[in-house]
Structures are given as C-alpha cells and as structure tokens.
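Lettering of chains follows the sequences in order, A, B, ..., and the numbering in each one begins at 1.
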Number of protein chains: 2
Amino acid sequence: MSDAVDAIVGQWDQERPELGDALWPVQLIARVQRMNRILDREAKVFCAKHGVEWGEFDVLTTLRRSGPPYALTAGAFLKAAMVTSGAITNRIDKMEAKGLVERVRDGADRRTVRIKLTEHGKQLTDTLMADHLGRYARLLDGLDPEEVDAAAALLRKFLELHGDASIS
Amino acid sequence: MSDAVDAIVGQWDQERPELGDALWPVQLIARVQRMNRILDREAKVFCAKHGVEWGEFDVLTTLRRSGPPYALTAGAFLKAAMVTSGAITNRIDKMEAKGLVERVRDGADRRTVRIKLTEHGKQLTDTLMADHLGRYARLLDGLDPEEVDAAAALLRKFLELHGDASIS
DNA sequence: TGGTTTTATCTCAACGTTGAGATTCTCAGT
DNA sequence: ACTGAGAATCTCAACGTTGAGATAAAACCA
C-alpha cells in the first residue's frame, strides 16, 4: 500500500539519493499536512450546510465547552484558535450580526470585551455537535482504534515539545 | 502529561458528559490540526528568510523532485499542491517574475502550459532543501523514531482511505 | 498626582486563495 | 470540414487572514 507521500519520497530518493535518511521526517510531516487539508475541506462542506463558517464554528464550540456563562475574552480566542486579532474581530462582527454571540463590556476592566454565546448560539452549537462528531467518527472509520490512540499520543508529545499551550 | 487537546476534551467531558465516546476521534483529529498550524508557521518563517512564499517553495520542490526536464503542467500542480487553479496561476506569475520558473507552451497541445524550473530556480531549490530537511529533523527531535513511524503508517492508512491520490 | 509602560481590542491596507465564468484549444462524431 | 463536448488555463471579484499601527484603559512608579 502506498499513498501520495510514498510517491513523493520515492521521487526524492531517485532524484537526490544522497539525501537518504534526511527524508525520514517527511513521512510524518507531509502526512499531517495532507490529512489536515482533507479535514479542512470536509469541515468547510459541513459548515456550509449549516450556514456558518469554519472559523465561526470554532468560536461557537470554544464558548460552549467553556461552560456557563459561555463567555470568553477576545484575547482568549487568540490563543485558543491560533489566529490573529484581526481575524477574531472579523469573526465576532459577523457572528454578532447573525445573533450567535454578543459583545459584553467588562465592568471591572473596560478594555476587555467578553464574547458571550446567545441562547440561539448555544442551541445551534449543541445541534451541530452531534453531526460534527458523527462526521469525525466516519472519518476515522476503518482505522485500528489502538493505532489511532498511539498516533494521538505521539502527536500529543509533539505538541507538548512545541509548547502548544492549553486554553486558560 | 497533557496538551491543549486534553484540556479541550476535558472541558467537553465536564460540560456535556453524555457525549462520552463520541469525543474519541477528537484526540487524533484536533492534534493533526494543531500540529499543522505549528508546521505552517515554522514553514512561513523559514521561507521568509529565503525570500520565497511557502506556496512557491512547494512548487519549486515539486518541480525539482519530478526530475529532468523539471517541467510539469499547471494541471499537475492542482492535484499535487491541493489548491485551485487561480492560486497556481498567481503563484507561477510571481515566480516567473522572480526568474525561478518559466512558462513553456506545449508544442503538441497548445492549451497546456509547462511550468519549467530555471537553472536559478533549481540551484535555489537544492540549497533550500538542506535547510528545510534540517528544520524537519529538529521538529521531530525528542520523539521516539519507532512511534513516529507507527504514526506515519496510521496517517498513510487514513490518506489511502480518503483517496489521497499520488501525483502523476 | 502625573507620566510612562503595558495590556486589550479594533482598524485597515495588503496578501493569497477560492470558485465561477471566460477563453482557447483538442478531439470525436457526423 | 463542421459542430459540439470536453479539457487546460487564465481572469477577476469576493472572502478571510495577516500584521503593523491606532486607540483606549489599566497598572506601575516616581
């Protein structure tokens, strides 16, 4: 069995055989990149079906799982979503217009803005999560659960080594 | 040891415990997404140092490993790079201006355009590859090689199941 | 208190990608 | 030869993100 990455590595072996073992990391890294692009496309199709953007869904679930009162500061999203401030402002603007979230200025610190899930936003998120997780399960269908766990553990180690911070 | 994904799953467990095992795929999928973003940032920093865009570097290496005469059609890039035609046109325009590649119209089929690596482009690519692979090696430093292989094998299986086509 | 630094968010122009449509060309069928 | 279907690439407006800078508020310190 072979995939696109095997073909890529095979080409390098033929064109620049002196690279040798230096190509080894490509086996993992290139596959992570390709898998991510497949996930990305899947996610966009899923979100489009439900009238939200992929980035918006990310905001919704981040708020939902943070628990009551379903409110986080804009700064918290920068770390959680790994995007820049301009992107968050843009997302929140549109989600506010759709009635999914609302901006609440903090009483104590008037610089901070709390992004709060509206009741409508909360209900939509709960509805979408079922579909979303079903989609995830189908994506991993056909893979050995133990091997998936092992791969997940390795990626966890990678993330720890590279300081992938937990959300606060 | 725990990473950001453990924290995310932990939040869901607390907020919506009824989801239970449905959360399992998140362990792998979310980590692939987060690792990809780390790789993406690394890659952009690396490319910026050398005056090329990440997408441009992708074109360079794809041409280089295809072997003499280091020329591929625009259509071949659509599949190899997993991007749309507009993006390829845009990339090639800029790379042509930089003297990295040149467009060669096919004699037999005048619809097709062959993107050909210039001598300058080839030399730059070979120079960059050493740095690039060194960077990859450092990224995986600290991980168990056997576990990396196992994870790569699992991702290969995922890609095969989802029809990740080899380049032609 | 007054002045400086730091923090939190928003603004906005530049950038790359998308995706539908236009363009140009090939080829099979008549 | 002519026509229509299909293929390969380019065009271009819309979109989301980036990243530097602006704005405003809080914290620190003299």
Show every donor-acceptor pair shorter than 3.5 Å between a side-chain atom in residues 15-26 of chain A and any protein atom, with sequence neighbours excluded, or say none if there are none.
residue	atom	partner	partner atom	Å
Glu15(A)	OE1	Arg64(B)	NH1	3.3
Arg16(A)	NE	Glu18(A)	OE2	3.0
Arg16(A)	NH1	Asp126(B)	OD1	3.4
Arg16(A)	NH2	Glu18(A)	OE2	3.2
Trp24(A)	NE1	Asp149(B)	OD1	2.7

Pair up each side-chain donor or acceptor in residues 43-55 of chain A with any protein partner under 3.5 Å, not counting sequence neighbours, and list the distances.
residue	atom	partner	partner atom	Å
Lys44(A)	NZ	Asp40(A)	OD2	3.4
His50(A)	NE2	Asp131(A)	OD2	3.4

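Between the CG atom of Asp109(A) and the P atom of dA27(D) there is a distance of 6 Å, rounded to whole Å. What separates CZ of Arg110(B) from P of dT23(C) is a distance of 18 Å, to the nearest Å. The separation between Ile92(A) atom CD1 and dT9(C) atom C1' is 12 Å, rounded to whole Å. As rounded to whole Å, 21 Å separates atom P of dC15(C) from atom CH2 of Trp54(B). For the pair Arg105(B) CZ and dA8(D) P, the interatomic distance rounds to 13 Å; values are reported in whole Å. At whole-Å resolution of the value, CZ in Phe77(B) and P in dT9(D) are 10 Å apart. The interatomic distance linking Glu53(A) (CD) with dA14(D) (P) rounds to 16 Å, in whole Å.
Between Asp3(B) and Arg31(B) there is a salt bridge, since a side-chain N of the basic residue sits under 4.0 Å from a carboxylate O of the acidic one.
Both Leu159(A) and Leu161(A) are assigned to one and the same hydrophobic cluster, defined by single-linkage of ILVMFWY side chains at heavy-atom distances under 4.5 Å.
By the side-chain contact (heavy atoms from CB on, under 4.5 Å) test, Thr89(B) pairs with Asp93(B), Arg103(B), sequence neighbours left out. In this structure Phe158(B) satisfies the ring-ring contact (aromatic ring centres under 6.0 Å, His included) test together with His162(B), sequence neighbours excluded. Contacts of Asp141(B) classified as salt bridge (charged side-chain N to carboxylate O under 4.0 Å, His left out), with partners at least two apart in sequence or in another chain: none.
Here Ala81(B) lies out of heavy-atom contact (under 4.0 Å) with every strand.
Side chain of Arg111(B), nearest nucleotide from dC10(C), dT24(C), dA25(D): dT24(C).
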Per-nt protein contacts along nucleotides 17-22 of chain C (heavy atom under 4.0 Å; B base, S backbone sugar-phosphate only, - none) come out as BBBB--

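One finds a side-chain N or O of Arg103(B) lying less than 4.0 angstrom from the OP1 or OP2 phosphate oxygen of dC10(D).
In this structure, Glu56(A) and Thr89(B) both approach DNA chain D, and ranking their closest nucleotides by distance from the 5' end singles out Thr89(B).
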